[in-house]
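First listed ligand is number 1; within each ligand, the first listed atom is number 1. The model shown is predicted, which means the values in this text are computed figures rather than measured ones. Sequential numbering from 1 along the given sequence is applied to the chain's residues.
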Amino acid sequence: MATIRFKALEALMSRQPLHVDAPAKKTSEYFAENVFDQHKMKVYLSKEAYDTVIDAINNGTRIPRRIADQVSSGMKAWAVDKGVTHYTHWFHPLTGSTAEKHDAFFEPSVSDGLIESFDGDQLVQQEPDASSFPSGGLRNTFEARGYTAWDPSSPAFIFEKTLCIPTIFVAYTGEALDYKTPLLKALSIINNAAVEVCQYFDKNVTKVNATLGWEQEYYLIDTALFMARPDIMLTGRTLMGHASAKDQQLEDHYFGTIPTRINAFMRDFEIEAYKLGIPIKTRHNEVAPNQFECAPMYEEANLAVDHNMLLMDLMKKVAKRHNYTVLFHEKPFKGLNGSGKHNNWSLLTNTGVNLLSPGKNPKSNMQFLVFMVNTIKAVYENADLLRGSIVSAGNELRLGEGEAPPAIMSVFIGEYLTNVLDELENRVSEKKMTPDEKTEIKLDIGRIPELLIDNTDRNRTSPFAFTGNRFEFRAAGSNLNPAAPVTFLSLAVADQLLDFKREVDVRIDKGVKKDEAIFQVIKEYIIASKLVRFEGNGYSEEWAKEAKKRGLTNITDTIEALQGMKDGKAQKICTKYNIFTEREMEARFEIKIANYTKKLQIESRVLGDLATNHIIPIVYSYQNKLIENVTGLKQILSDAEFKKVAASQLDTIKELSQRITTIKTKVTEMIEARKKANNIESTLQKARTYSDEVKPFFSEIRYEIDKLELIVDNELWPLPKYRELLFNK
Ligand code: ADP
Ligand code: MG
């Protein structure tokens with residue numbers, strides 16, 4: 001009887017690429033056709049309603065109920081024209097994915113039978129019975145009211161014949177239960193802070209948007225093989241599996257030709273993404289076999305976050321059509337690169353200026369340096385906050401593994417800008433500057449080339465790198481809702497910009513000229529944040545030592561990193577700007593910690609089960625084969641000959657027994673450790689025990705199983721091997 005592994009391989013071998021018919025139109029002709037964007041609003045809304053919504057998008061003004069009624073009927077008319085029957089509020093609960101609850105448009109009416117209905121109330125607010133979403137104790141189940149409320153700044157869209165309305169999700173008492181609420185707050189705070197600082201340079205700046213361009217890495221594996229790997233199915237990653245003789249060492253996959261079947265999948269999801277207005281721009285192979293990346297044109301951060309979450313969902317669905325399963329896990333394969341989600345972040349003014357891009361003249365370059373230096377200082381001051389925003393059980397396996405940045409938050413800016421900052425540090429004097437000195441400094445600044453992007457060397461080992469016209473926060477993992485890093489990065493930079501503004505104003509009030517005051521504060525910041533700048537190899541051991549000397553924290557433990565985010569300075573900044581109340585921070589901490597524990601608990605159970613009912617029985621079968629063979633040899637050979645011939649087989653039989661015994665013992669001990677942990681009341685203590693006492697068994701048990709994989713008859717081995725999972729194009 002063929003094992004499930006061989007059946008899966010057979011299915012795989014008969015696959016042909018699915019033919020994808022691209023729409024017979026140019027991309028621009030169907031781009032965003034499923035989005036209720038400004039063009040559609042113009043058609044379906046009255047001028048008054050249109051203007052009100054645009055004002056809400058640009059300035060965060062409230063939409064009166066009367067207008068909401070108009071918008072909802074316009075939206076419904078558009079959706080019904082496109083064959084849509086249902087609508088849903090679409091939100092980002094703290095589970096890390098997105099949620100939806102579909103309602104039909106129609107309402108029964110006594111006189112008219114069924115009528116299509118969707119009014120302002122239903123658009124603006126809903127009360128899903130969402131008692132099963134994590135709330136960290138913010139909501140009791142008996143009082144499970146959570147509200148979703150319309151976010152007009154992200155347009156409604158049609159997904160699988162359902163009108164989806166992006167919303168925030170808050171508890172009855174007002175506390176945020178999602179990722180979008182704090183994100184919107186942080187974006188509004190950085191808008192205010194950045195506008196204030198821009199006013200030193202250009203009075204026309206009245207709005208600053210944070211921009212985000214994410215790069216999404218992922219693995220693809222054939223669905224038949226996926227189904228034959230219970231560990232990947234249930235945990236998103238392999239809990240066992242010996243490295244393939246060849247994997248990424250030849251680096252022949254990176255940027256290589258995209259295999260036909262994969263290419264068909266990519267084209268297919270890109271077409272679907274374009275219809276939803278997601279501007280996917282690049283696709284390429286990543287370093288590891290079967291690992292890929294896609295990235296869009298950057299967008300306003302809130303929209304970009306929605307688009308990332310929507311795309312992840314879309315990719316999973318489209319992949320199914322192609323018999324692929326997408327893995328967004330941060331580290332699906334031990335020994336191979338994990339997957340990240342780089343967050344390219346910048347600030348864009350209403351006048352069209354990218355504040356992290358040098359300009360054409362000394363004035364705009366000075367503005368650039370102000371934002372640059374403030375961002376560096378913000379990272380220096382808020383390492384705990386930033387780190388806390390990206391850690392998880394999955395990312396823990398990737399960070400600091402010599403393939404992704406370490407848990408030390410440092411900033412890379414390249415040689416050119418390092419020299420510029422050094423010059424500023426040395427030239428700006430504490431005393432009143434002479435006109436000559438000022439001219440010289442301005443000349444220096446004026447020399448910064450407009451296109452730094454071509455002049456900036458790349459350092460892929462830095463968690464936070466300047467890449468010419470933006471910063472790239474690279475420590476985030478592939479599965480993370482990018483709202484988290486964007487919220488806290490924006491908050492940290494906003495706080496820093498407001499400090500900066502205060503300090504410059506104090507000097508101006510004392511009679512210092514504006515330019516000089518700005519120079520002086522920048523100089524102070526350059527000096528104060530120098531320790532966070534690092535241009536070398538972030539993966540090296542020397543850096544870990546050096547960082548320690550510099551007093552930079554290096555927290556690889558997820559629980560500790562989460563605690564760092566909740567306590568002290570990180571908490572102060574969140575509560576100061578009312579991003580969270582203390583209670584909300586506590587609740588989020590509880591949710592994250594409990595989630596960490598659950599992930600480890602599931603992995604531990606799956607590993608124990610697979611070891612016991614997949615691996616050990618097969619090893620016995622193979623061992624029996626060997627024993628039969630040895631018994632036969634014993635019958636037909638002389639004692640002397642037998643000794644010579646059978647010695648190595650006997651060794652193997654013994655080795656198999658030893659490894660089985662070790663696995664059994666360790667599984668039993670792991671279950672005991674789990675029982676002990678499960679009995680602990682405190683969420684934090686339980687997580688600690690899981691991390692310290694359950695988790696270490698994972699690699700110990702895996703080690704034995706991976707050794708067995710190399711010995712046991714290939715025909716008998718039940719689980720698809722790395723080489724099969726990873727080279728199945
Ligand atoms: P690389 O792999 O070289 O980092 P990619 O082209 O894969 O480059 O991704 C770069 C990402 O950075 C894209 O999503 C791009 O839109 C984004 N980006 C470029 N400029 C900005 C900006 N000003 N703000 C935010 N993101 C940006
Ligand atoms: Mg890239």
Is the closest basic N to carboxylate O distance between Arg261 and Asp222 below 4.0 Å?
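So Arg261 pairs with Asp222 through a salt bridge.
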For [X], counting its heavy atoms only, list the atoms of ligand 1 lying under 4.0 Å from any of them.
X: Arg470; value: 4 (O), 10 (C), 12 (O), 18 (N), 19 (C), 20 (N), 21 (C), 26 (N), 27 (C)
X: Met297; value: 16 (O)
X: Glu293; value: 7 (O)

Under 3.5 Å between any N/O of Tyr298 and any N/O of ligand 1: does that happen in this structure?
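By distance alone, the answer is yes.
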Is any N or O atom of His284, backbone or side chain, closer than 3.5 Å to an N or O atom of ligand 1?
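No - when backbone and side-chain N and O of His284 are compared with those of ligand 1, no distance drops under 3.5 Å.
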Which is closest to atom 14 (O) of ligand 1 by heavy-atom distance: Ala295, Ser346, Pro296?
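Looking at heavy atoms only, the winner is Pro296.
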Side chains of Asn302 and Ser154: any donor to acceptor distance under 3.5 Å?
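Their side chains do not contain a donor-acceptor pair, so the 3.5 Å distance test is not met.
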My understanding is that only one of Trp150, Tyr179, Phe169 makes a ring pair (Phe, Tyr, Trp, His ring centres under 6.0 Å) with Phe91; could you say which?
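Answer after filtering Trp150, Tyr179, Phe169: Phe169.
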Location of contacts on Glu472 toward ligand 1, heavy atoms closer than 4.0 Å:
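Contact part for Glu472 vs ligand 1: side chain (C-beta onward).
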Can you tell which part of Asn344 has a heavy atom less than 4.0 Å from ligand 1: side chain, backbone, both or neither?
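Contact part for Asn344 vs ligand 1: both backbone and side chain.
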What verdict does the side-chain contact (heavy atoms from CB on, under 4.5 Å) test give for Ile555 and Arg387, after you've listed the backbone C-alpha separation in whole Å, the side-chain angles of each residue and the deciding distance to 0.1 Å?
CA-CA 8 Å; Ile555 302 172; Arg387 185 190 298 112; 3.5 Å; yes
Could you check whether atom NZ of Lys320 has more than 12 heavy atoms from other residues, nucleotides or ligands sitting under 6.0 Å from it?
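Yes, the 6.0 Å shell around NZ holds more than 12 heavy atoms from other groups.
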May I ask you to test the Arg588-Phe580 pair for a side-chain heavy-atom distance under 4.5 Å?
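In short, these two side chains touch, coming nearer than 4.5 Å.
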